[in-house]
S.K.: 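I have a structure here, written as structure tokens, and I will follow up with some questions on it.
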Amino acid sequence: MIDYLKNHIRPIRYITSVLSVALMLISLVAFGVKGLNMGLDFTGGMVTEVTVDKTLTNKELLQALKPTLGDSTMITKAGEEGRWVIRYALPESDQETPNIPALLSDVSEQVTVVSNSMVGSQVGQDLVDQGSLALMICLLCILGYLCFRFEWRLASGSLLALLHDVILVLGFFALTQMEFNLTVFAAVLAVLGYSLNDSIIIADRIRELLVAKQSTPTKEITDQAVIATFSRTMVTSGTTLLTVSALWFMGGEPLEGFAIAMFIGIISGTWSSISIGTVLPEWLKLEPKHYLPVVVDSAP
């Protein structure tokens with residue numbers, strides 16, 4: 001594998017960078033045309049906790065409730081057997097509040113409402129504002145760190161790779177119209193940190209080689225840096241993907257969005273660190289002289 005990379009790493013980097021730009025454009029179009037299917041955390045809704053027959057499953061409850069409550073209905077276990085939390089959209093102003101016990105009477109002999117509460121639209125809007133602010137602060141902190149750690153040409157590649165990963169995750173959720181809730185947003189912030197880790201490792205290696213091999217062309221130095229860090233990157237990404245896959249297949253519906261967002265983010269983060277994170281500095285004419293001390297002429 002390493003021998004193959006030594007001979008083909010540069011075409012791979014260039015081809016994947018073009019593909020990354022194409023996917024970013026598709027994601028932006030999908031985001032602009034369809035938008036995100038905001039979950040109840042952001043739009044507001046009803047939260048009802050009930051106890052039903054212990055033999056009922058999540059799927060049976062959804063089949064009984066979705067025709068009336070809508071496709072955005074979510075059901076999660078509340079701890080003990082037979083106790084469930086139901087989240088669903090607020091009814092229209094001209095509609096009555098759904099009668100949960102009546103809806104479940106066909107599938108359960110005993111239905112008891114433990115609690116019933118409402119998340120208002122104002123609370124949802126506050127979450128949108130706070131989430132957007134958190135994302136902006138995160139990006140600004142990362143930008144400040146990259147500017148401090150690397151020369152701007154190398155930092156720009158890492159920053160664009162970060163934006164690429166976030167755009168791809170948001171584009172996927174816009175394209176599929178999967179529910180975008182607080183857990184998915186948490187995954188987006190986690191993807192930022194994960195992608196930054198890969199980008200910094202490769203960028204740091206490029207910086208070291210630029211200083212150590214000043215006569216070597218930047219393209220060759222970049223190839224050497226990617227090959228030197230490839231095995232480490234694959235091991236880290238592979239083990240993380242195994243964990244996320246376990247969450248995806250065993251975590252159930254509440255964690256499905258989080259796991260999918262993380263899965264896409266890990267793959268795109270590894271990919272973009274090798275493609276966009278290395279190609280953009282080359283396009284901006286990164287050279288060894290940018291990391292050498294500036295010689296000051298002391299002559300009078």
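Quick note: numbers below take in every heavy atom, side chains included, and nothing from hydrogens, waters or symmetry partners. The structure presented is a predicted model; accordingly, all values stated were derived computationally and were not measured.
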S.K.: Assigning hydrophobic clusters by single linkage (Ile, Leu, Val, Met, Phe, Trp, Tyr; side-chain heavy-atom cutoff under 4.5 Å), is L19 placed with I26?
M.R.: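 L19 and I26: separate clusters.
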S.K.: With a 4.5 Å limit on heavy-atom distance, are the side chains of M262 and V191 in contact?
M.R.: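 Touching, per the 4.5 Å side-chain cut-off.
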S.K.: Linking I/L/V/M/F/W/Y whenever any side-chain heavy atoms sit under 4.5 Å apart, do I227 and M234 land together?
M.R.: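 Linked within one cluster.
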S.K.: S20 and S272: side-chain donor and acceptor closer than 3.5 Å?
M.R.: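 S20 vs S272: no donor-acceptor pair found between side chains.
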S.K.: Check L36 against A174 and note the closest heavy-atom contact, atom names and distance.
M.R.: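 Shortest heavy-atom separation between L36 and A174 comes out as CD2-N, 3.9 Å.
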S.K.: Looking only at heavy atoms, which two atoms of A225 and L209 are closest? And how far apart?
M.R.: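 Closest pair (atom of A225, atom of L209, distance): N-CD1, 3.8 Å.
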S.K.: Please report the shortest heavy-atom distance between R205 and A228, naming the atom on each side.
M.R.: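 Looking at all heavy atoms of both residues, the shortest contact is NE-CB, 3.8 Å.
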S.K.: Show the nearest heavy-atom pair for residues I206 and I221, with the distance to one decimal.
M.R.: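 That would be O-CG2, 3.9 Å.
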S.K.: Could you tell me whether E220 atom CD has more than 12 heavy atoms of other residues or ligands within 6.0 Å of it?
M.R.: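 Buried by this count: over 12 neighbours within 6.0 Å.
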S.K.: If you apply the rule side-chain contact (heavy atoms from CB on, under 4.5 Å), what do you find for F185 with L189, and how did you get there?
M.R.: CA-CA 7 Å; F185 180 74; L189 294 180; 3.7 Å; yes
S.K.: Could you grab the distance from atom CD1 of I86 to atom CG of L69, nearest 0.5 Å is fine?
M.R.: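 Separation between the atoms: 7.5 Å.
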S.K.: Measure the CD1-OG1 distance between I201 and T236 for me, rounded to the nearest 0.5 Å.
M.R.: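 Between I201 CD1 and T236 OG1, I get 6.5 Å after rounding to 0.5 Å.
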S.K.: Return all side-chain donor-acceptor pairs below 3.5 angstrom for residues 154-163, not counting sequence neighbours, or 'none' if the list is empty.
M.R.:
residue: S156; atom: OG; partner: W152; partner atom: O; Å: 3.3
residue: S156; atom: OG; partner: R153; partner atom: O; Å: 2.7

S.K.: Between T68 and Y88, is there a side-chain donor-acceptor contact under 3.5 Å, judged purely by atom types and distance?
M.R.: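 Note: Y88 and T68 side chains miss the donor-acceptor criterion.
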S.K.: Following the transitive rule for hydrophobic clusters with a side-chain heavy-atom cut-off under 4.5 Å over Ile, Leu, Val, Met, Phe, Trp and Tyr, establish whether I167 and L25 coincide in one cluster.
M.R.: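 Different hydrophobic clusters.
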S.K.: Can you get from V166 to L175 by hopping between Ile, Leu, Val, Met, Phe, Trp and Tyr side chains that sit under 4.5 Å apart?
M.R.: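 As far as the 4.5 Å side-chain criterion goes, L175 and V166 are not connected within one cluster.
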S.K.: Any salt bridge (Lys or Arg N to Asp or Glu O under 4.0 Å) involving residues 261-282? Give me the pairs, sequence neighbours left out, ordered by first then second residue.
M.R.: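 Residue pairs with at least one partner in residues 261-282: R13-E282.
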S.K.: Would you please test T270 and S237 for side-chain hydrogen bond (donor to acceptor under 3.5 Å, both in side chains) and show each step?
M.R.: CA-CA 7 Å; T270 305; S237 300; 2.7 Å; yes
S.K.: For F173 and V184, what are the C-alpha separation, side-chain angles and deciding distance, and is it a side-chain contact (heavy atoms from CB on, under 4.5 Å)?
M.R.: CA-CA 9 Å; F173 277 84; V184 177; 3.6 Å; yes
S.K.: With a cutoff of under 4.5 Å between side-chain heavy atoms, which Ile, Leu, Val, Met, Phe, Trp and Tyr residues group with I15?
M.R.: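 I15 clusters with nothing; isolated.
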S.K.: Tell me, please, which residues at least two apart from E49 pass salt bridge (Lys or Arg N to Asp or Glu O under 4.0 Å).
M.R.: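 Counting only residues at least two positions away or on another chain, E49 forms a salt bridge (Lys or Arg N to Asp or Glu O under 4.0 Å) with R83.
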S.K.: Apply the hydrophobic cluster definition, ILVMFWY joined by side-chain contacts under 4.5 Å directly or through others, and give me every member besides V29.
M.R.: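 Taking Ile, Leu, Val, Met, Phe, Trp and Tyr as members, V29 shares its hydrophobic cluster with V33.
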S.K.: State whether the number of non-hydrogen atoms from other residues, nucleotides or ligands found under 6.0 Å of K54 atom NZ is greater than 12.
M.R.: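 No - once you tally the heavy atoms of other residues, nucleotides and ligands closer than 6.0 Å, there are 12 at most.
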S.K.: Clusters formed by hydrophobic residues whose side-chain heavy atoms approach within less than 4.5 Å: which one holds V114, and what are its other members?
M.R.: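 Members besides V114: none; it forms no cluster.
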S.K.: To the nearest 0.5 Å, what is the distance between NZ (K59) and NZ (K66)?
M.R.: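 Answer for the NZ-NZ pair, K59 versus K66, is 11.0 Å.
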S.K.: How long is the straight-line distance from CG of L241 back to CD1 of I266, given to the nearest 0.5 Å?
M.R.: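 If I round to the nearest 0.5 Å, the distance is 5.0 Å.
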S.K.: Establish whether L247 and V188 are linked, either directly or via other cluster members, by ILVMFWY side-chain heavy-atom contacts under 4.5 Å.
M.R.: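 As far as the 4.5 Å side-chain criterion goes, V188 and L247 are connected within one cluster.
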S.K.: Could you go step by step and tell me if I260 and F172 meet the side-chain contact (heavy atoms from CB on, under 4.5 Å) rule?
M.R.: CA-CA 10 Å; I260 291 175; F172 174 84; 3.5 Å; yes
S.K.: So which residues get pulled into V279's cluster when ILVMFWY side chains under 4.5 Å apart are joined, directly or through others?
M.R.: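 Result for V279 is Y14.
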S.K.: Looking at every heavy atom in both L103 and A64, which two are closest together, and how far apart are they?
M.R.: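 In terms of heavy atoms, the two residues are closest at O-CB, 4.1 Å.
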S.K.: For residues V107 and L56, determine if any side-chain heavy atom of one lies less than 4.5 Å from a side-chain heavy atom of the other.
M.R.: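 Heavy-atom side-chain distance check passes, below 4.5 Å.
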S.K.: For D53, give me all partners under salt bridge (Lys or Arg N to Asp or Glu O under 4.0 Å), at least two apart in sequence or on another chain.
M.R.: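 Per chain and number, D53 pairs via salt bridge (Lys or Arg N to Asp or Glu O under 4.0 Å) with no residue.
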S.K.: Do I202 and T278 come within less than 4.5 Å of each other through their side chains, counting heavy atoms only?
M.R.: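 Yes, side chains in contact.
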S.K.: What distance do T48 atom OG1 and R87 atom CZ have between them, rounded to the nearest 0.5 Å?
M.R.: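 Result: 10.5 Å between the selected atoms.
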S.K.: Begin with the C-alpha distance, continue with both residues' side-chain angles, and end with the deciding distance and a verdict on side-chain contact (heavy atoms from CB on, under 4.5 Å) for M24 and L168.
M.R.: CA-CA 6 Å; M24 285 177 66; L168 254 60; 4.1 Å; yes
S.K.: In chain order, what residues pass the salt bridge (Lys or Arg N to Asp or Glu O under 4.0 Å) check against E60, with sequence neighbours excluded?
M.R.: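 Result, salt bridge (Lys or Arg N to Asp or Glu O under 4.0 Å) vs E60: none returned.
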S.K.: Nearest 0.5 Å, please: how far is CG in L65 from CD1 in I75?
M.R.: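 Reported value, rounded in 0.5 Å steps: 5.0 Å.
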S.K.: My understanding is that only residues two or more places apart in sequence, or in another chain, count here; which of them pass side chain to side chain donor-acceptor pair (under 3.5 Å) with S27?
M.R.: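 For S27, no residue satisfies side chain to side chain donor-acceptor pair (under 3.5 Å) once neighbours in sequence are set aside.
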S.K.: Excluding sequence neighbours, so at least two apart, what forms side chain to side chain donor-acceptor pair (under 3.5 Å) with Q63?
M.R.: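 Partners of Q63 under the side chain to side chain donor-acceptor pair (under 3.5 Å) test: none.
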S.K.: Provide the closest heavy-atom pair for P101 versus V111 in the form atom of the first, atom of the second, distance.
M.R.: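 Scanning both residues, the minimum pair turns out to be CA-CG1, 3.6 Å.
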S.K.: Give me each pair satisfying ring-ring contact (aromatic ring centres under 6.0 Å, His included) with a member in residues 263-284, each pair once, sequence neighbours excluded.
M.R.: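 Applying ring-ring contact (aromatic ring centres under 6.0 Å, His included) to every pair that reaches into residues 263-284, excluding sequence neighbours, yields W248-F263.
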